[in-house]
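Computed from a prediction, not measured in an experiment: that's the story for all the values here. What's counted below: heavy atoms across the whole structure, side chains too, no hydrogens, waters or symmetry copies.
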Amino acid sequence: MIGRMASALYVARCLSVEGAKVVIELSIVHPDIAEFGTDRLFAWKLLHEWVSPADDGTEVELASRYVKSVKLAPLRHAKKAQVANDFYTVKRTGDEHPTVTYTITVTDPELVSGIKAGDCDEVYDYVEPGKGAALTDPPSARKPQASPSKDAASGARKSKPQAALVIPNKTFDDLRMLALEQIGKFSGSWSDYVLEHGMIEHWAETESDARMQSFLDYLTINHRVGGATQVAIARLRSGQLESAKALLSYAEALHDPSLDYNYSGRGGLAALWWRLHEDAKADALFQEITKAQRTQGTNHNQAVHTQFTILARGARWDRAAQLIPSLLKDGSYRDDLLVPGVVVAWEDSPSLFAKVMDHWQDVSTRSHCQNHELSYELCRRMLRRGNPEEYLDAVLRWYGVLDDGTSAVCALLHTEARDPQRAIPYAQKLLHHPELGSYVQQYSLAVLARHVPAQAKSFVTDKLPSFQERGYGHAYLAAAGMTTMLQELTQLHPMRDPASVARLLSDRTGAIALLKQAVSQSHSLGGIGLIDLVDLGERSYVDELLRKELARLAAEPTRNRDLSCRALATSAAQVGMPEHGFAAIKLPGPALRRYSASDMTRGAASVRDYGAAYAALQLVPDGDSNGRVSTAIQGVLRVELSRSVDGPRAIPLAVCDLDYARALAKVGERDAVAWMLSAYRNRLSDSDRKTLRTLVEE
């Protein structure tokens, strides 16, 4: 296995730096590691989180380019056990960590100028025997390319202009195909994730059977079977019997029990056979599954949750109901296996759904553990079908299970967009529900302030003494539109979270001021506030912030740049300034650039900038199943699935402003414009209403 582990393998400490020569003391700290690399490739691995050449390449290419030589001092606290061309293994001789000193000479002293004696770092890189055979001789006089961001910091002018950044024209489908091809490249790795997170069912809502089969062909055989049965059940739900039968034939032809280690194939076939009234075959297969679970000693939750989902998918409601008392017996462990069955019950058996949720609520109120995956999926489906109130009913009843934050607020605002009068009673219930958090309460108060201001004023009047004493009511006052009281409270108690307050202000100027305040107080540049500022017309301000942050990070030691660069790359992609994101990716050492590239991919996908997402994805290595394929699936496919609920623009600002509406429409967020038109219908002029309707309909 090659890559990073949860625990460090080594600890490296810089002893000295003189010109192009750096001396590193390396100790083995992981009990399962017994190797010291002896070639230039391993020497580069000891440096590549501390140095940041601007050019790219594989580890072998960069080691060839920048490491001139490496020498090892005598081994301490261990004895050599086996010696090979590019490594040796050791046998410990006591309790102290085996330690060796590396003297590494690089091709130019500028490369190690940011390292100083005493610097320490954990090392997660393995010795890879034989990989260094591809090393080439270092160039005789190679200077590392100057970092663009360092040039920006110093104001240096390049003799040659940089080539313009080219972002390819890509669609979500392009990225989906790239992800599927990556799955195929790594022998079906991540197939289970695609099925278990509902992606196949989601795509089946709009794609043909032939198209779905082409997707399934990239998965492992047992997951092709499971995916085909999921699509078939969705087709049956919409009355497409012949389509379901054809998919069954496809699944039956592929099924191989010996490959079905997690019951994806067998469980899907049993469920579909039940749905198509082939009960004897389904019963026998289900019995085979439960017997295998007992034989293998499967954890209780894992076994019973798998069984429940199979029974629910097969519409075996009575048998599924018998399992309810056994669900979640071991707490929330493997509740992810229960989620698909609960979603099917919501689709096809409301009474069973309610029984399961009542049981889950009882468990969750004791453990206080909400399931966000279930929340997002139910909310997404309810929004898609135009029934946002149904999610609000659910969260009011099963608040211990369902998310009472972004999902509930999304559902409330969608209800308000449909009909404010229908949103009012829900806002009243949510505001006064004793178990719900402040976030959903604040947005509920905002709904009341827009349509029944007397009720909002009454709530604030009752709470004001507590706000004044404890200093936590700024967002409530903003939601209620009581800006004078907000200013008075701010004089008594500084705002703890000005960005949250800004999002609840209907006044554009006030929202901008608070968002800028939030940015200035933040320890690292990033977060949803930058998107809000761009949407409010402050693009040049955000551009300058990103430039300054790049310059600041370029002045930091290389090994201190990683996390901040991830945040910057994400934000740059989300605000439509990918050039800053790609500059941020260059700043960490070569070993860590993949993480900024991965986060930038996620940020771009979250705002549907698939060209930037594709370009950033190319910078994530694809040498193993935790690289590019992981980012493509989790950072693109998963983000696309939940973007309507937890995306950066899923909940619009409360600002009532035509320019803000135009900015939202420009990036395709017409649902947010429709909400503005409905929420503020009584304070908009006829001309403004006409403008907003035009933006919605474009």
Side-chain angles (χ1 to χ4, degrees), residues 52-56 145-153 162-170 172 174-175 178 519 522-535 538-556 558 560-622 627-628 630-632 634-636 639-640 643 647-649 667:
S52 184
D55 49 340
D56 295 312
Q145 296 178 18
S147 164
S149 295
K150 289 180 180 178
D151 286 348
Q162 283 186 302
L165 178 65
V166 178
I167 300 296
N169 183 19
K170 297 293 181 180
F172 170 72
D174 293 324
L175 283 148
L178 185 152
V519 169
S522 177
H523 294 296
S524 64
L525 192 62
I528 198 169
L530 296 183
I531 301 176
D532 295 334
L533 284 167
V534 168
D535 289 345
E538 295 292 324
R539 183 176 181 82
S540 60
Y541 174 82
V542 172
D543 181 46
E544 183 61 20
L545 281 179
L546 294 174
R547 291 179 186 278
K548 288 181 178 179
E549 179 70 353
L550 281 170
R552 184 189 72 79
L553 289 171
E556 290 283 325
T558 300
N560 292 346
R561 299 171 180 172
D562 176 38
L563 295 180
S564 294
C565 283
R566 297 187 200 186
L568 196 156
T570 301
S571 296
Q574 289 178 330
V575 300
M577 302 176 192
E579 66 277 11
H580 298 321
F582 289 114
I585 291 170
K586 289 284 190 179
L587 288 178
L592 297 178
R593 291 175 183 173
R594 61 187 296 168
Y595 303 109
S596 291
S598 179
D599 284 5
M600 182 173 173
T601 301
R602 182 186 301 272
S606 73
V607 294
R608 293 179 288 200
D609 186 351
Y610 301 118
Y614 184 91
L617 191 56
Q618 303 310 303
L619 301 179
V620 181
D622 67 347
R628 190 176 302 169
S630 169
T631 297
Q634 296 184 92
V636 179
V639 165
E640 176 72 15
R643 181 175 44 78
R649 291 190 176 102
V667 294

**Minimum side-chain heavy-atom gap Glu556-Ser564 below 4.5 Å** = no
**Sub-4.5 Å side-chain heavy-atom contact between Leu550 and His580** = yes
**Item:** Side chains of Phe582 and Lys586 in contact at under 4.5 Å (non-hydrogen atoms)
**Value:** no
Please set out all donor-acceptor pairs under 3.5 angstrom arising from side-chain atoms of residues 603-611, sequence neighbours excluded.
residue : atom : partner : partner atom : Å
Ser606  : OG   : Gln574  : NE2          : 3.2
Ser606  : OG   : Gly603  : O            : 2.7
Arg608  : NH2  : Val667  : O            : 3.2
Arg608  : NH2  : Gly668  : O            : 3.3
Arg608  : NH2  : Glu669  : OE2          : 3.1
Asp609  : OD1  : Ala612  : N            : 3.2
Tyr610  : OH   : Glu640  : OE1          : 2.6

**Message:** Among residues at least two apart in sequence or on other chains, which ones pass salt bridge (Lys or Arg N to Asp or Glu O under 4.0 Å) with Asp599?
**Reply:** none
**Asked** What's the shortest heavy-atom distance between Leu530 and Ser571, and which atoms?
**Response** CD1-CB, 3.7 Å
**Fill in**
d(Leu553 CG, Leu587 CG) to nearest 0.5 Å is 6.0 Å
**Request:** Compare all side-chain heavy atoms of Arg643 with those of Arg649 and state whether any distance is below 4.5 angstrom.
**Result:** no
**Complete:** Between Pro588 and Thr558, the two heavy atoms sitting closest are C-CG2, 3.9 Å
**Prompt:** Is there a donor-acceptor pair closer than 3.5 Å between any side-chain N or O of Arg628 and the backbone N or O of Leu178?
**Reply:** no
**Request:** Would you mind reporting whether Ser596 and Arg561 have side-chain heavy atoms less than 4.5 Å apart?
**Result:** no
**Item:** Distance, nearest 0.5 Å, that separates OG1 of Thr631 from CG of Leu175
**Value:** 11.5 Å
**Considering all heavy atoms, the nearest Met600-Ile585 contact** = SD-CD1, 3.7 Å
**Prompt:** Looking only at side chains, do Ser52 and Arg593 share a donor and an acceptor under 3.5 Å apart?
**Reply:** yes
**Complete:** Value for CG (Leu619) from OG1 (Thr601), rounded to nearest 0.5 Å, stands at 7.5 Å
**Prompt:** Between Glu549 and Leu568, which heavy-atom pair has the shortest distance, and what is it?
**Reply:** CG-CD1, 3.1 Å
**Prompt:** Do the non-hydrogen side-chain atoms of Val575 and Glu538 ever get within less than 4.5 Å of each other?
**Reply:** no
**Message:** Can you confirm whether Gln634 sits close enough to Arg602 that some side-chain heavy atom of one is under 4.5 Å from a side-chain heavy atom of the other?
**Reply:** yes
**Request:** Check whether any side-chain heavy atom of Phe172 lies under 4.5 Å from a side-chain heavy atom of Val636, and answer yes or no.
**Result:** yes
**Request:** Examine distances only and state if a side-chain atom of Ser598 and a backbone atom of Arg594 form a donor-acceptor pair shorter than 3.5 Å.
**Result:** no
